[in-house]
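Below is one structure, written out as structure tokens; the observations come after it.
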Amino acid sequence: MNFEGFLCLMTMYVATDCRRVTSNDLSTEEAEFKVTGLVGEGVDLPCNVDVGSCGDVYFVTWTKNVSNEWKRLYLYSEPVEKPLQELANPDRADFFVHDSTAYLRIHPLKIQDEGNYKCDVTYVQGKCPSLSYAFLRAVAKPSQPIIKKDGKKIKTSTAIGPFYEGDSFSLQCSTFGGKPTPEVSWLKNDNVLPVEPTVLNNDLGIANVTTTVRIILSRSDLGIRLSCQVKSEAIVDVLVSWIEVDLHVTPSYIKVEGPSKPIIEGEKVLLSCTIVGAKPAANATWYNRSETIQPQPLSDVKLASDGSFKTISNLEIIVSRYDHQGVFYCKGSNPVVEKNRDPPLLKSISLNVLYPPIVLMEPPAGFTINETEDAIVGCTFDANPSDVSDVIWYKDRVQLSVEDRDKFKSKNSGGLTLVIRNVTRGDSGMYSCALSNKVGRGTPDKDVEVNVVYPPVVDISISPASVNEHDGSAVTMRCLTVDGNPRHLLRVRWYKNKQLMKETLENRLEVRNISREAVADYTCEAENLAGGAIAQSLRNYLPGPAKVVEITSPAVKGRRSTLQCIVKDMGSPKATEFRWEHNNELLPGILQNYTTGLVRLDTQGNYSCAAVNNVGRGPYGFISLVAMAPPSLIDGPPRVHGAPLDSNSVSISCRIECDPLCEIKWLRNGKSIMDSDLFFVKTTVHPEELRSNRFKSVVSTLYWNFTAWPGAALNRDTDNAKYTCQSSENIVGPGIATSTYFKVEYPPENISMSTFHLDVVEGDVPDKIKCTADSWPPSEYIWKFSNLVIADSSELFLNYSIPRERAGWYKCVASNRHGEKSIEAYINVKYKPECILYQRKNDKKQTTLVCEAQSNPSNVSFTWMKDNQTFEELVVSRETRSIITVPENTSKYFGTYHCIANNSVGESVPCSFQVTGVVGTAGWVPDFRDENVIVVGAVVTAVVVVFIIVVLVTIMLVKEGECALGPKEF
């Protein structure tokens with residue numbers, strides 16, 4: 001410490017009022033200043049300073065009333081700042097001046113700092129009112145509230161549980177370290193709960209507060225949040241800790257909805273089951289009558305505002321007639337229902353299904369009736385609606401006209417019936433009826449058979465037709481039923497020359513050892529359920545041998561082929577049908593001609609046919625059907641083909657189906673290259689492929705013979721050509737051809753853009769940029785920005801208002817399988833200036849206002865305004881910065897300054913700064929610097945020092961006397 005500081009410090013100690021507090025000192029309520037500070041932060045204690053009336057300040061002393069005694073805490077003079085006692089070690093005090101008021105700043109504030117403070121100001125020029133009193137009140141923030149249950153801490157913002165209706169529990173909420181005593185409350189959602197706090201205070205007034213709340217849960221507590229709030233003067237925002245209660249409840253109700261109007265069979269119907277108020281979410285189970293529906297539909301679970309869940313299950317069904325008046329149930333349950341063993345919620349819905357008539361013919365098994373009797377056919381039905389109309393009767397699926405009243409009688413009352421009077425054998429058949437309601441038309445699944453029986457009509461067949469006498473041959477005669485119903489014979493009587501020979505159950509009679517005496521007239525008499533009939537012997541025999549020929553020859557793939565069965569002797573009786581077989585498998589159809597489907601590979605094979613009459617089947621005729629295929633392309637080269645310049649192996653091929661086989665040749669630009677040294681061809685024959693229905697085929701592959709090519713390599717300019725694979729014709733079809741265009745391939749090159757620099761104003765949509773490149777195959781394009789792909793086409797279109805952050809280089813990458821090439825364009829986003837205005841000291845310690853602008857383009861101009869008028873003096877602008885140098889302590893330059901920056905896009909929002917006069921310590925603190933001391937001489941200096949010491953000692957003695965006698969009253 002220099003000598004000057006030592007003298008000042010000694011003077012401050014001597015001059016400081018060391019009085020004990022008496023009744024004449026100010027009380028807390030009478031303090032001139034009352035200051036509240038937050039523990040841990042800074043607080044400013046004010047002290048009145050009157051420089052204008054009292055002159056310069058010599059020193060300032062701060063004291064605190066501790067146990068009715070004023071203790072020095074802080075000393076200040078220009079060369080000395082001295083914190084004492086609890087404000088020292090570490091230094092927690094600072095001193096500053098603002099608007100004629102001195103402040104003692106304590107930081108950080110402690111709870112022990114609370115109390116009465118006194119500021120004593122000593123002036124250089126004499127006595128002035130020098131004392132200021134302040135009461136410092138220290139407040140402390142309470143801690144974040146802590147919630148406990150059963151003594152265990154619960155983390156805030158979590159859920160506790162699960163709980164069930166009727167459960168109860170207690171929660172404690174505690175906060176610590178607050179001053180003054182904080183207010184602690186419990187809230188259920190937004191409603192305050194009545195609680196009594198427990199408060200514990202220590203000697204410093206620090207309070208610990210605990211409140212306890214007891215909760216009995218009911219359904220109304222679904223989704224509740226229990227919050228503990230702490231309010232205190234020491235905090236701005238309320239401190240809150242909260243928990244949510246996970247309350248599990250049974251579902252409150254169930255609702256089933258469906259169509260309110262009748263629905264038609266076959267329509268899709270949506271049934272909805274909603275289960276509300278459950279937690280956990282309820283499960284929905286659907287039943288059709290008493291049967292569980294499988295599979296169950298998935299449910300949609302939604303969270304309600306009270307924390308419960310709503311389960312929605314939508315059952316989608318296609319209704320049938322069997323669902324009419326059927327009951328669909330939805331059952332709702334959750335684990336709470338099961339835990340409580342409560343019955344689940346159940347709701348049902350019944351459907352009104354409209355459906356066309358369900359028709360049943362009566363009697364279901366049909367019936368047999370003799371000719372001339374009356375037949376009655378019944379038609380019963382079930383329908384919704386039951387009103388039916390448009391009744392039509394059918395026989396053998398052909399509409400039956402029932403207008404002949406003598407033959408038919410139709411009755412619709414009490415059920416539908418059809419009476420067929422005096423039936424004949426022609427009335428035999430399958431009968432049905434069809435009827436309609438407003439939904440549709442109904443027909444029976446099964447017709448009813450009316451079987452009209454009548455006596456047989458018989459004929460005799462003899463085999464063989466002729467025999468030699470005494471050769472041991474036998475002749476077989478059969479009594480054949482030509483007509484009759486039933487065809488089965490109950491008994492047969494054989495007559496020879498009208499004399500009964502034999503009665504048998506069979507229709508066959510064999511005569512052995514034929515002699516001429518056997519020649520006679522033979523008669524058979526047959527009888528069925530309806531009666532009997534007599535037949536004379538006739539000469540019956542089998543059809544003769546058959547021959548199969550192709551009418552459409554040859555058989556061709558994809559076309560139909562017709563075969564004919566030729567039989568010269570159709571037998572007796574004459575054959576009326578034919579039997580066809582393919583590879584020993586019976587074919588449909590009994591006509592003389594057989595037509596195949598579209599010929600396939602498996603259509604080929606052995607076909608046989610034979611004529612058939614009542615005696616039996618004649619001998620078969622055979623043919624082996626061989627099909628052919630016209631030229632048809634199976635595999636061909638692509639429409640466009642190519643290879644890179646450095647290829648050493650290039651080939652193209654085609655595969656053509658043709659049976660008989662065809663020849664294939666290759667052409668280049670329409671001219672044959674089969675004899676060219678530049679190429680060679682390999683041909684392979686493929687056999688038939690039954691699975692894929694392919695006849696024989698030829699594969700021809702054309703190879704480039706690079707050893708004979710100029711330069712032994714492809715040429716990009718001359719080797720692009722059209723190559724054609726061409727087949728010859730065969731006997732069933734013309735030749736075909738397929739072509740490919742061969743092009744030498746190369747990677748992207750000559751890449752370019754429609755523009756390389758694009759200016760756009762921020763907020764506008766930029767123009768499109770087109771990227772192109774030469775390549776083969778054609779290039780695929782992507783666009784990148786900041787190494788991220790933003791487009792996948794050759795055109796970049798940023799279809800949005802572009803911000804400045806999207807300015808930069810945009811890369812177009814063109815690529816194919818041989819390589820890639822890239823090019824960049826710059827999008828320059830222009831925007832109007834944005835400015836900032838701040839104050840700083842320049843190199844000459846002068847105060848300046850600096851306005852800086854950020855913009856694009858960066859070429860800006862500045863306009864200054866002061867107090868709403870243009871200000872141009874003292875302004876220096878350069879590039880993006882404009883500076884005003886403000887003269888010190890000149891009131892005409894005090895005021896509000898505005899800076900506006902302009903560029904080609906527009907002008908900025910004004911930036912503002914207010915310049916005011918500030919009073920500092922300069923001008924009222926005495927200057928103790930060496931240049932203000934006039935040194936007269938070494939002797940004079942020594943005399944002055946001795947004199948000052950004497951004066952100080954005298955003052956100290958006087959002060960001690962005053963301290964002993966008490967304060968002096970004024």
Side-chain angles (χ1 to χ4, degrees), residues 96-100 753-769 785-786 790 796 798-811 824-923:
F96 68 97
V97 178
H98 181 70
D99 291 341
S100 299
M753 289 185 175
S754 57
T755 181
F756 293 94
H757 184 93
L758 180 63
D759 289 329
V760 59
V761 175
E762 183 176 32
D764 291 348
V765 176
D767 294 335
K768 299 176 182 179
I769 302 178
F785 177 73
S786 297
I790 60 172
L796 176 64
L798 304 178
N799 189 21
Y800 55 84
S801 299
I802 192 167
R804 66 189 68 177
E805 293 80 13
R806 299 293 284 187
W809 291 98
Y810 288 75
K811 179 187 286 187
E824 290 185 319
Y826 188 81
I827 296 182
N828 181 34
V829 181
K830 297 181 177 182
Y831 54 92
K832 64 183 181 181
E834 294 178 350
C835 65
I836 57 173
L837 183 58
Y838 59 90
Q839 177 182 332
R840 76 170 187 181
K841 296 287 187 179
N842 60 16
D843 296 339
K844 297 179 181 180
K845 305 302 181 184
Q846 297 172 307
T847 300
T848 62
L849 296 181
V850 180
C851 182
E852 291 186 352
Q854 179 184 4
S855 67
N856 186 27
S858 59
N859 184 17
V860 296
S861 61
F862 294 90
T863 301
W864 286 86
M865 305 286 291
K866 176 180 175 294
D867 298 333
N868 296 325
Q869 293 185 353
T870 303
F871 186 85
E872 297 179 348
E873 60 177 305
L874 306 176
V875 176
V876 176
S877 298
R878 183 178 302 163
E879 296 179 349
T880 60
R881 178 181 293 180
S882 182
I883 301 174
I884 294 180
T885 302
V886 181
E888 299 281 354
N889 300 324
T890 306
S891 60
K892 83 170 192 172
Y893 294 106
F894 297 166
T896 301
Y897 289 80
H898 302 280
C899 173
I900 302 171
N902 295 267
N903 69 357
S904 59
V905 180
E907 66 178 29
S908 69
V909 175
C911 302
S912 302
F913 193 89
Q914 187 172 12
V915 176
T916 59
V918 178
V919 178
T921 57

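Below, all heavy atoms of this structure are taken into account, side chains as well, without hydrogens, waters or symmetry copies. Counting from 1, the numbers follow the sequence of the chain as shown.
Within a 6.0 Å sphere centred on CD of Gln869, heavy atoms belonging to other residues, nucleotides or ligands number 12 at most. Under a cut-off of 6.0 angstrom, the local environment of NZ in Lys841 is crowded, with over 12 non-hydrogen atoms contributed by other residues, nucleotides or ligands. Summarising the local packing, CG of Asn868 is surrounded by 12 or fewer heavy atoms from other residues, nucleotides or ligands at distances under 6.0 Å.
Of the inter-residue distances, the one linking Thr885 atom OG1 with Asn842 atom CG reads 6.0 Å to the nearest 0.5 angstrom. The distance from the CD atom of Glu852 to the CD atom of Glu834 is 13.5 Å, given to the nearest 0.5 Å. Note that the CD1 atom of Ile836 and the CZ atom of Arg881 stand 9.0 Å from one another [nearest 0.5 Å]. Atom OG of Ser904 and atom NZ of Lys832 lie 13.0 Å apart (nearest 0.5 Å). Put simply, CG on Leu758 and CG on Asn828 are 9.0 Å apart, with the number rounded to the nearest 0.5 Å. Separating the CD atom in Glu762 from the OG atom in Ser855 is a distance of 11.5 Å, to the nearest 0.5 Å.
For Gln839 and Tyr897, the side-chain atoms include no donor-acceptor pair closer than 3.5 Å. Using modelled atom types, one finds no donor on one side chain facing an acceptor on the other under 3.5 Å when comparing Lys866 with Thr896.
Closest approach of Phe756 to Met753, counting heavy atoms only: CZ-N, 3.9 Å. When every heavy atom of Arg840 is checked against every heavy atom of Tyr838, the shortest pair comes out as CD-CE1, 4.0 Å. Val761 and Ile802 make their closest contact through O-CG2, 4.3 Å (heavy atoms, listed as atom of the first residue, atom of the second, distance). Closest of all the heavy-atom pairs between Arg806 and Ile790 is NH2-CG2, 4.0 Å. Cys851 and Trp864 make their closest contact through CB-CZ2, 3.6 Å (heavy atoms, listed as atom of the first residue, atom of the second, distance). Minimum heavy-atom separation, Tyr800 to Pro766: O-CD, 3.8 Å.
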- Message: What verdict does the side-chain contact (heavy atoms from CB on, under 4.5 Å) test give for Asn856 and Arg804, after you've listed the backbone C-alpha separation in whole Å, the side-chain angles of each residue and the deciding distance to 0.1 Å?
- Response: CA-CA 9 Å; Asn856 186 27; Arg804 66 189 68 177; over 6 Å; no
- Begin with the C-alpha distance, continue with both residues' side-chain angles, and end with the deciding distance and a verdict on side-chain contact (heavy atoms from CB on, under 4.5 Å) for Ile884 and Tyr893. CA-CA 11 Å; Ile884 294 180; Tyr893 294 106; over 6 Å; no
- Query: Can Ile827 and Leu798 be said to form a side-chain contact (heavy atoms from CB on, under 4.5 Å), step by step?
  - Reply: CA-CA 11 Å; Ile827 296 182; Leu798 304 178; 3.9 Å; yes
- Task: In sequence, state the C-alpha distance, the side-chain angles, and the governing distance for Phe894 and Thr916, and then conclude on side-chain contact (heavy atoms from CB on, under 4.5 Å).
- Result: CA-CA 5 Å; Phe894 297 166; Thr916 59; 5.6 Å; no
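Disulfide criterion (SG-SG under 2.5 Å) for Cys911 and Cys835: met.
Within the 3.5 Å criterion, the main-chain N or O of Ala901 finds a donor-acceptor partner in the side chain of Ser908. Side-chain N or O atoms of Asn903 include one that pairs as donor or acceptor with a backbone N or O of Tyr831 at under 3.5 Å. In this structure, the side chain of Ser912 does not engage the main chain of His898 through any donor-acceptor pair within 3.5 Å.
The residue from Thr880, Val905, Asn902, Val860 that alone fulfils the side-chain contact (heavy atoms from CB on, under 4.5 Å) condition with Pro833 is Val860.
Using cut-offs of 30° and 60° for the angle between ring planes, the Tyr810 and Phe785 rings count as parallel.
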